[in-house]
Chemist: 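Submitted below is the structure of interest, expressed as structure tokens.
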Number of protein chains: 4
Amino acid sequence: MPKVVDADQYRKELLYQSLDLFAEKGFANVTIRQIAKALGISTGALYHYFPSKESLFEQLVEELGHQEVLVLNSAMATRKTLPKRIEILGQLLLENREILVKHTAIWLDFYQHSQVETILNNRIFQRIERQSREAIAELLGIRDFRLARFISVSIDGILVDQLGKNDSTIFAEQVALLMEMLITYFDKYPEKSSLNS
Amino acid sequence: MPKVVDADQYRKELLYQSLDLFAEKGFANVTIRQIAKALGISTGALYHYFPSKESLFEQLVEELGHQEVLVLNSAMATRKTLPKRIEILGQLLLENREILVKHTAIWLDFYQHSQVETILNNRIFQRIERQSREAIAELLGIRDFRLARFISVSIDGILVDQLGKNDSTIFAEQVALLMEMLITYFDKYPEKSSLNS
Amino acid sequence: MPKVVDADQYRKELLYQSLDLFAEKGFANVTIRQIAKALGISTGALYHYFPSKESLFEQLVEELGHQEVLVLNSAMATRKTLPKRIEILGQLLLENREILVKHTAIWLDFYQHSQVETILNNRIFQRIERQSREAIAELLGIRDFRLARFISVSIDGILVDQLGKNDSTIFAEQVALLMEMLITYFDKYPEKSSLNS
Amino acid sequence: MPKVVDADQYRKELLYQSLDLFAEKGFANVTIRQIAKALGISTGALYHYFPSKESLFEQLVEELGHQEVLVLNSAMATRKTLPKRIEILGQLLLENREILVKHTAIWLDFYQHSQVETILNNRIFQRIERQSREAIAELLGIRDFRLARFISVSIDGILVDQLGKNDSTIFAEQVALLMEMLITYFDKYPEKSSLNS
DNA sequence: AATGAATGAGCGTTCATTCAT
DNA sequence: TATGAATGAACGCTCATTCAT
């Protein structure tokens, strides 16, 4: 049944094509017409693929979450030492700055937007947040989940700072500082990472 | 002329009473009618005090910014050592968690929302952001502005993580980790703070 | 009871002070606040003197009508020949151009505005219109009411043409043409005026 | 591409259907909801065809202007003598009384209303006013533009007098008087029309 | 008498969603 | 499948009018 595969594939393409619009203007400030125009289809067609604006946005959030986990996991195969792995994490951030900032914009928007529907949305959200942190934990050999959360949270802070800025110099400088902090920290508390043993 | 004083005072009260609504739902998802209802006044009266929804929100953002700077500066008088000062910063965060998380929500909304008006808004925003970071830099005797930014950005990350969560345990744990990181970092690089000399 | 006289006098002053505002912007485009400001009083005080915006406007229209009739009648005492009287009418128009144009603006506005309430308003309106035409008829010794109406209507046309123009050259030229027409007409049909017999 | 033709055609129909409402109540006193109801469509559909209430009104004014010029020009082909032509002009007025009165109501409203936007609107207005007077000048062989203006202005006066009256007897009587005046005038000053030479 | 803060119905307009084609 | 015209609830905002002071 190639038809279904195609439709799913097309739906995903539509999601990614709407990413920039949502990231730039936010869910509430983007209209269905704008999205349809950006996608080169009619509003009717858009509703054929997504039952509502909200659903489109949620599927985008979910898709971005999956992608993020994939990228993080792609760095995992390595067998390097802890400092090298920290460097790999930094590289990952630098290489994906643009897309990560967009993720962050979407993410925050989703947060605001979801406080209402609460349950379903937060389930999705929390699962992806957890997977993402587990990937970081595994990459750096961290057993203390609080530490993994801290790293994740710091990265988010750096990304949030980039919103509406797109200043890669500041980004690089902040990532470098985070890496430096982590190295210093793991130097002092080597037991925090299983890679040091 | 007690009239003017009262009106200004009242306006500020209205600002603070609208804080929760904006923090919870975001600028775009709050209606003037909701605000008026929450404030216990009519929409007409609301427009008597604020020329537009946008202006109300901007005044709220500015007011919160001023307040934040005041709180940070209140910690400044101290003559303690660096570790003590780091602890003071941590205390400040813990004590003001709730309001800081709301600030963050409003702040982010403003950021996203100000794409349009850009200039004036960003002036306000940047001034307060700068003052806030200078306060941190002065409190910790930091000369390297990138480092001050990093601390500010990490704190923001922790606050962003709290959005829609309100879990003070996680918050305390993350703040503690940040403090620990900073102490470790300043231990290794004492020249980073003038308080170490 | 001088109090009442004063109040009535004051009410009339207020009417004339609001004339320009209504003439320039039209009833619907002037707010009570603008009027109050122009009059140098509060909206509350304004409502003390007039029960509604509508009533204020109607009283202004009526007052202007009375004034117009007075001006026309002031030219009546003369015992001149018909051509001289036609010239007097022309002079009257030229001397009062500005105020007459304002009257016209108000008048038209009233027309639009009154189609709804119909009865009462039109009574007032028609009475003043009639008085005005009777004054013209008497001044020129016209017995044919249709002719008096024609002169009145032509003058109105010239005034309407001046709306938003205030070009006294065109006005003078048009008034002169009307006078010329009338003289030619009465030359050919001397029986149309009792002054020719 | 029949789609575009239909849409334009439909837009024009909507314009004419909204004519009565505007003519009766005036721009400021007609609401979008009233218009939509009169047109038998929703407000949303109305905004599909016109970007704003103002634009709808302007397009109506322009359309009426074009139509007026067309009607006037349709009388031009004639090769008759001056008296006959004056009669033709009178006929034209009598036959189109109803629509001309409505034009006048709209026109005046537009005049008053356009104080603000001034430039573009007045361009349109002045162009059509000029075309209209040129048509009269050509029809009657008038070289003196002031005279053409006078005739146009007198007609407007007669039409303004009809506002909210719709009394075709008075109208006919006033038009007859104007025609009589013109004939008398051209009798005395034959050089005023090229058709007399 | 006078003030101006307060009210709330109603305005022009937008936009997610539906549906005839 | 796809289109885009149509719908109408809801938005931000205005302003004639009221009323506590």
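Proteins come first, then strands; the chains are lettered A, B, ... in the order of their sequence lines, and each starts at number 1. FYI, side chains are in, hydrogens and waters are out, and symmetry mates aren't considered; it's all heavy atoms of this structure.
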Chemist: Distance check needed: dG4(F) P versus L46(A) CG, whole Å only.
Modeler: 13 Å
Chemist: Quick check: do I32(D) and Y47(D) have side-chain heavy atoms less than 4.5 Å from each other?
Modeler: yes
Chemist: Does some side-chain heavy atom of I99(C) sit less than 4.5 Å from a side-chain heavy atom of L19(C)?
Modeler: yes
Chemist: State the pairing partner of dT18(E); accept Watson-Crick or G-U wobble contacts with both distances under 3.5 Å, and report none otherwise.
Modeler: dA5(F)
Chemist: Taking the nucleotide of DNA chain E with the nearest heavy atom to each, does A45(C) or T31(D) sit closer to the 5' end?
Modeler: A45(C)
Chemist: Hey, are the side chains of L163(C) and L108(C) touching, using non-hydrogen atoms and a 4.5 Å cut-off?
Modeler: yes
Chemist: Output the rounded distance in Å from CD1 (I32(C)) to P (dC19(F)).
Modeler: 16 Å
Chemist: Contact between Q67(B) and Y16(B) at the side-chain level, heavy atoms closer than 4.5 Å - yes or no?
Modeler: yes
Chemist: Rounded to the nearest angstrom, tell me the gap between atom NZ in K25(A) and atom C1' in dC15(E).
Modeler: 14 Å
Chemist: Can you see if the side chain of Y49(A) gets near the phosphate of dA2(F) - specifically, an N or O under 4.0 Å from OP1 or OP2?
Modeler: yes
Chemist: Counting Watson-Crick and G-U wobble pairs only, both distances under 3.5 Å, name the nucleotide matched with dG12(E), or none.
Modeler: dC11(F)
Chemist: Whole angstrom is fine here: how far is it from NZ in K53(A) over to C1' in dT14(E)?
Modeler: 11 Å
Chemist: To the nearest Å, give me how far apart OH (Y47(D)) and C1' (dA6(F)) are.
Modeler: 16 Å
Chemist: Just how far is it from atom OH of Y10(D) to atom CG of L15(D), taken to the nearest 0.5 Å?
Modeler: 11.5 Å
Chemist: To the nearest Å, give me how far apart CG (N29(D)) and P (dA16(F)) are.
Modeler: 12 Å
Chemist: Only one of T31(B), L39(B), V30(B) forms a side-chain contact (heavy atoms from CB on, under 4.5 Å) with L21(B), so which one is it?
Modeler: V30(B)
Chemist: How long is the line joining CZ of R33(A) and P of dT13(E), in whole Å?
Modeler: 16 Å
Chemist: Could you check A28(C) against A28(B) and say which one's nearest nucleotide on DNA chain F is further toward the 5' end?
Modeler: A28(B)
Chemist: With sugar-phosphate meaning primed atoms plus P, OP1 and OP2, does T43(A) contact a base, only sugar-phosphate, or nothing at under 4.0 Å between heavy atoms?
Modeler: base
Chemist: Does OP1 or OP2 of dA5(F) have a side-chain N or O of H48(D) closer than 4.0 Å?
Modeler: yes
Chemist: Quick one: which of dC11(F), dC13(F), dT17(E) gets closest to the side chain of S52(A)?
Modeler: dT17(E)
Chemist: Output the residues of residues 35-42 of chain C in contact with DNA chain F, where contact means a heavy atom of the residue under 4.0 Å from an atom of the strand; sort by number or write none.
Modeler: none
Chemist: Any non-hydrogen side-chain atom of F57(A) less than 4.5 Å from a side-chain atom of D109(A)?
Modeler: yes
Chemist: Could you state the CZ-P distance from F50(D) to dG12(E), rounded to the nearest angstrom?
Modeler: 15 Å
Chemist: Using the closest heavy atom to pick a nucleotide of DNA chain F for each, name whichever of G44(B) or G44(A) lands nearer the 5' end.
Modeler: G44(A)
